[in-house]
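Everything on this sheet refers to the single structure shown next.
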Amino acid sequence: MARPNEEVEALLQEYADLISITGGDAFKARAYEKAARAVGGYHEDVSRLDPKALREIPHVGRSIADKVEEYLRTGHVAAVDELRARIPAGVREMTAIPGLGPRRAMMLFRERGISSVEELVEAVTAGRLRDLRGFGEKTEENILHGVAVMRQAGGRVLLNVAMDLAEEVVAELSAVTGCARCAYAGSLRRYRETIGDIDVLSAADDPGPLMDAFVNLSYVDEVIARGDKKTSVRTTKGLQVDLRVVPMGAWGAALQYFTGSKAHNIRLREMAVRAGLKLSEYGLFDVETGDLVVSETEEEVYERLGLPWIPPPLREDRGEVEAALRGELPDLIEEGDLRGDLHTHTDLTDGVSSLDEMVAAAARLGHSYYAVTDHAPNLFMQRMSDDKMLAQREAVRALDGRHHRMRLLHGTELNIDPDGGVDWPPEFLDGFDLCVASVHSHFNQGSAEMTRRLVRACENPHVTIIGHPTGRLLGRRPAVDVDLDELFRACARTGTALEINSFPDRLDLSDENILRARRHGVRFAVDSDAHSVVHLPHLRFGVGTARRGWLTADEVINTWPLRRLRSFLRKGR
DNA sequence: GCCGTTTTCGGCCCGACTGTTTTCAGTCG
């Protein structure tokens, strides 16, 4: 299941929310928020820490350490339960609506008895909020729009959440006696950006022990269906997991079938029919004789249909079958191709790990170079200054090459202002090895303005990477309104790379936009945007997204040797 | 509730935007 750190993070964050909603001390709420983030990003498993070690986590003092200890020991925290009892869970859920915070959520509950997102939508529609102080026509509109954005996620979970769970299920089932193979399939294997339910496939002669082990996993809350071939459960977090058990001989056909996508499989079945064959999860069969042709490996199935094996991220019926037939499948980038990370933060701004910790952790991942790119001063809340940045640069230079000979680059994440300008004057920017530039404000500009703004940023000779180019947050904020083709043209023309931000709630650019951008000859950078050491491995999700966008290693600048990368970063200056 | 080149209480990220209001509260990054 989730790391204990994440569970504790969620608990502390919930307590912070409850304090805000009930009108408690704002600084106290903030203290819990800070502690939540620090625990979530802490490099050690909190469930293994004694009280003294717990208090060494930044922003965790006696009171919070006690609560964490209480939670780990009993699964509950009395103080949290007490507040939960006073506020319906739906009120807290309402604060997830963009633009609706704790104060007004509480007001809606007090004044109108509204205690769920559904009731809120009803009340808006019925005009019951009209005479409430602070609620006008525009607010109603924003609430409905916010709910729509939230619902677009449609009960799906982020890739990392699904991946953590799936890998744990696979690990536990693999250890069951008689389990010959076990793997996750479905949209997760294809690295879709959100996951509706998790498909796990096992091969065994006797499904019994596997099904038993499956329904008895500690995080299973409910068994939805139980059979010999398929069992479905719902976890305590509400995620559905399906386990299918097949005989070892059908492994390849089953893996192919359950990986999907549906559209891709339909294409394959059509090809089979034309060849006098029938494809199902049990194998590829001869229609006339009914004889099994192949089923043991995916490679055999594809080969018998006249195709090379197609990597799962391509299986969306977006031209991969045609490309395969022509022998023109791209040689997709792999995680091992990445030589470094070009967008990361430290606790100098909003990260929770120190420079030393981040650099050491990055070196352990095997990077040959690594860029530190903390926030620039126009993101005022980060309180960046010239002096702080220069002091960090010295610290970075001193660490350069000290961990596994990993080379360090000193950069920054600039803020693209509404006109397309950035934080510092050119003389100061000259001192950086690279500048990522991102939109952090004025997300609502019209398309013409936003396009001009981003194009101008590309034209800045110091800006080498556009960070999270559309600014979307999955389930929380839509992409900015920008003429993407215009932006992509500008990137190609100016030698500015587009980021593929690997953070699971961003994955920005998205696979579809990558496909579109690469047609313009754009270069990309797959970055973690890590704010903690635990975020550094998120790169796998960025690489998965890049693969869905058909990218080869050569199109991604951080697969390049440092020499070639540096030349690109100079941008002809 | 945490933190301290402040040892014990005062400060804690701060500026901008939005929608509502008529002087500002709430929300966001």
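Values below: all heavy atoms of this structure, side chains included; hydrogens, waters and symmetry mates excluded. Chain letters run A, B, ... following the sequence lines, proteins first, then strands; residues in each count from 1.
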- Item | Side chain of A:His442 - closest among B:dA16, B:dC12, B:dC2 | B:dA16
- For nucleotides B:dG19 and B:dG11, find the distance between their C1' atoms and express it as a whole number of Å. 31 Å
- Task: Return the set of residues passing salt bridge (Lys or Arg N to Asp or Glu O under 4.0 Å) with A:Glu44 (not counting sequence neighbours), or none when no residue passes.
- Result: none
- Message: Distance check, C1' atoms only: B:dT6 and B:dC12, in whole angstrom units.
- Response: 14 Å
- Message: I'd like to know if A:Glu555 pairs up with A:Arg523 as an ion pair, taking the criterion as any Lys NZ or Arg NE/NH1/NH2 lying under 4.0 Å from an Asp or Glu carboxylate oxygen.
- Response: no
- Message: Counting only side-chain nitrogens and oxygens, does A:Arg62 get under 4.0 Å of the OP1 or OP2 atom of B:dC2?
- Response: no
- Message: Could you tell me how far B:dT8 sits from B:dC2 if I compare only their C1' atoms? Round to whole Å.
- Response: 13 Å
- Message: Suppose you measure atom P in B:dT5 against the same atom in B:dG1; what distance do you get, rounded to whole Å?
- Response: 23 Å
- Message: Using the P atom as the point on both nucleotides, what is the distance between B:dT20 and B:dC14, in whole Å?
- Response: 29 Å
- Task: Please report, rounded to the nearest Å, how far the P atom of B:dC9 is from the CZ atom of A:Phe27.
- Result: 18 Å
- Going by the ring-ring contact (aromatic ring centres under 6.0 Å, His included) test, which pairs reach into residues 439-479 of chain A, not counting sequence neighbours? A:His375-A:His440, A:His440-A:His468
- Task: Just jot down the ring pair (Phe, Tyr, Trp, His ring centres under 6.0 Å) partners of A:Tyr370, sequence neighbours excluded, or say none.
- Result: none
- Message: For A:Phe503, give me all partners under ring pair (Phe, Tyr, Trp, His ring centres under 6.0 Å), at least two apart in sequence or on another chain.
- Response: A:His535, A:His538
- Message: Using a 4.0 Å cut-off on heavy atoms, which residues in residues 496-505 of chain A reach DNA chain B? List them by number, or say none.
- Response: none
- Query: Does B:dG4 have a Watson-Crick or wobble partner in any strand here, with both distances under 3.5 angstrom, and which is it?
  - Reply: B:dC9
- Query: Any salt bridge (charged side-chain N to carboxylate O under 4.0 Å, His left out) pairs touching residues 434-462 of chain A, not counting sequence neighbours?
  - Reply: A:Glu459-A:Arg493
- Starting at atom CZ of A:Arg37, determine the distance to atom C1' of B:dC2, rounded to an integer number of angstrom. 15 Å
- Note on the structure: A:Gln445 atom CD is separated from B:dA16 atom P, nearest whole Å, by 16 Å
- Provide, to the nearest angstrom, the distance between the CD atom belonging to A:Glu33 and the C1' atom belonging to B:dC14. 15 Å
- Query: What is the distance from OH of A:Tyr15 to C1' of B:dG1, rounded to the nearest Å?
  - Reply: 10 Å
- Mind checking what makes side-chain contact (heavy atoms from CB on, under 4.5 Å) contact with A:Asp400, not counting sequence neighbours? A:Arg407, A:Leu408
- Item | Electrostatic pair A:Arg548:A:Glu512 at N-O distance under 4.0 angstrom | no
- Contact string for nucleotides 18-29 of chain B, one letter per nucleotide 5' to 3', B = base within protein heavy-atom range under 4.0 Å, S = sugar-phosphate only, - = neither, reads -SS-----SSSB
- What distance, rounded to whole Å, do you find between the two C1' atoms, one in B:dT23 and one in B:dG29? 25 Å
- Message: Tell me the interatomic distance from A:Ile19, atom CD1, to B:dG1, atom P, rounded to whole angstroms.
- Response: 7 Å
- Task: Just jot down the side chain to side chain donor-acceptor pair (under 3.5 Å) partners of A:Ser502, sequence neighbours excluded, or say none.
- Result: none
- Message: Rounded to whole Å, please give me the gap between CG in A:Asn415 and P in B:dC14.
- Response: 16 Å
- Span that lies between the P atom of B:dG15 and that of B:dT21, in whole angstrom: 27 Å
- Task: With sequence neighbours left out, write down each residue that passes side chain to side chain donor-acceptor pair (under 3.5 Å) with A:Arg339, or none if nothing qualifies.
- Result: none
- Task: May I ask you to say whether A:Arg472 pairs ionically with A:Asp508, meaning some side-chain N is under 4.0 Å from a carboxylate O?
- Result: no
Set out, line by line, the N/O atom pairs under 3.5 Å between protein and nucleotides 3-8 of chain B.
residue, atom, partner, partner atom, Å
B:dC3, OP1, A:His59, N, 2.7

- For A:Asp50, check salt bridge (Lys or Arg N to Asp or Glu O under 4.0 Å) against everything at least two apart and list the hits. none
